[in-house]
Amino acid sequence: MRVVSNLFVLAIVAIIACLLVGSSMQALQRHHLYQGTTCAGTPFFSSTKEVTAQCNVTQCGAYNSDPTLLSVTYECPTAYQQTPSAGQILIASYADKACTTINKVETYMLNVCMQSKIIFGPNANSAKYTCDKLYLYSDGACATQVSVIDVTLNTCTGSSQKYTCQNAATQTIASFLLVIALFVLFFAF
């Protein structure tokens, strides 16, 4: 009886050890895409996902899928970005239909013409996000619109994604109202 209980305990310890070793092998990796080949300015797109290999930080390089238009850098974050920064739309993809387990996060800059022959599909060479729409263009300069896709914010979609948005103008107005409220409170007393 004692041998059976010892074997049971050893089996439990072995399973826990395998789970811990397996989970420590995964890391997050984020890549940032830039217009042009020099990584200049602010990235228009970032994507974070789990990688089973070791995450590597890199300097600027050509983006393999579109090397004449885009450049890329890589970093190793410790967690998924949960909210968009000012002027961004964030798309969280989930492993489940209830949108509880994140497995990928993408962010796009708002109101920025993004050139790419591969990111937005075969008929679009450029695109532009707003908080409520994705505009697709057939040319590389966001001039000839081919379609508009509505964006539903703060709702788990049928494709297990949730969009959140932080319009820079909304944040600026909120900050301005906060300053006015503090100013009024200061002079009221």
Side-chain angles (χ1 to χ4, degrees), residues 7-110 112-122 124-129 134 136 140 151 153-166 168:
L7 288 175
F8 181 73
V9 170
L10 285 174
I12 296 294
V13 169
I15 290 171
I16 292 172
C18 287
L19 291 174
L20 290 174
V21 169
S23 66
S24 68
M25 298 287 286
Q26 294 186 335
L28 293 180
Q29 185 162 35
R30 178 181 298 138
H31 72 271
H32 301 283
L33 292 182
Y34 300 81
Q35 297 293 166
T37 58
T38 63
C39 298
T42 303
F44 71 88
F45 169 79
S46 296
S47 177
T48 306
K49 62 183 178 180
E50 280 190 11
V51 291
T52 54
Q54 181 178 345
C55 178
N56 294 309
V57 175
T58 66
Q59 300 299 317
C60 184
Y63 184 57
N64 289 340
S65 299
D66 218 344
T68 60
L69 282 178
L70 305 175
S71 51
V72 63
T73 60
Y74 291 91
E75 66 180 6
C76 305
T78 57
Y80 285 109
Q81 181 178 347
Q82 298 290 318
T83 58
S85 300
Q88 287 184 340
I89 189 164
L90 182 142
I91 305 166
S93 297
Y94 295 84
D96 58 321
K97 293 289 183 189
C99 292
T100 57
T101 306
I102 295 176
N103 63 5
K104 183 178 180 183
V105 171
E106 298 175 332
T107 59
Y108 294 86
M109 294 302 294
L110 295 174
V112 172
C113 182
M114 302 172 279
Q115 293 181 326
S116 177
K117 296 176 183 174
I118 52 116
I119 294 176
F120 302 105
N125 288 317
S126 60
K128 189 184 297 186
Y129 263 105
L134 169 61
L136 300 173
V151 172
L153 296 176
N154 305 317
T155 302
C156 182
T157 66
S159 58
S160 298
Q161 292 182 319
K162 190 183 293 184
Y163 291 73
T164 53
C165 192
Q166 180 70 285

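Along the sequence shown, the residues carry numbers beginning at 1. In what follows, every heavy atom counts, from backbone to side chain, and hydrogens, waters and symmetry copies are set aside. Remember, it's a predicted structure, so these values are computed and weren't measured experimentally.
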Please report the shortest heavy-atom distance between [X] and [Y], naming the atom on each side.
X	Y	result
Thr48	Leu28	CG2-CB, 4.3 Å
Ser65	Pro67	C-CD, 3.7 Å
Leu70	Ser116	CD1-OG, 4.0 Å
Val57	Glu75	CG2-CA, 4.2 Å
Ser126	Phe120	C-CD1, 4.5 Å
Gln35	Met114	OE1-CA, 3.2 Å

[atom2] on [Y] to [atom1] on [X], rounded to 0.5 Å:
X	Y	atom1	atom2	answer
Arg30	Cys55	CZ	SG	10.0 Å
Asp96	Ile102	CG	CD1	10.0 Å
Gln81	Glu106	CD	CD	12.0 Å
Ser47	His31	OG	NE2	5.0 Å

Any donor-acceptor pair under 3.5 Å from [X] side chain to [Y] backbone:
X	Y	value
Thr107	Leu90	no
Thr164	Thr83	no
Gln29	Asn56	yes
Lys104	Tyr94	no
Tyr80	Asn103	yes

Quick one, [X] and [Y] - any side-chain contact, counting heavy atoms below 4.5 Å?
X	Y	result
Tyr74	Val51	no
Leu134	Tyr163	no
Gln115	Asp66	no
Leu33	Ile119	yes

Item to check | Donor-acceptor side-chain pairing of Gln161 and Ser93 below 3.5 angstrom | outcome: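 Side chains of Gln161 and Ser93: pair found under 3.5 Å.
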
Next on the checklist: Are there over 12 heavy-atom neighbours, none belonging to Asn154, within less than 6.0 Å of that residue's CG?
Outcome noted: yes

Checklist entry - Around Lys162, counting heavy atoms of other residues, nucleotides and ligands shown, do more than 12 lie under 6.0 Å from its NZ? => result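 Yes, the 6.0 Å shell around NZ holds more than 12 heavy atoms from other groups.
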
Item to check | Passing option when His32 is tested against Cys39, Ser46, Ser71, Cys60 for side-chain contact (heavy atoms from CB on, under 4.5 Å) | outcome: Ser46

Checklist entry - Relative to the ring of Tyr129, is the ring of Tyr108 parallel (under 30°), tilted (30 to 60°) or perpendicular (over 60°)? => result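 Judged by the thresholds at 30° and 60°, the geometry between Tyr108 and Tyr129 is tilted.
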
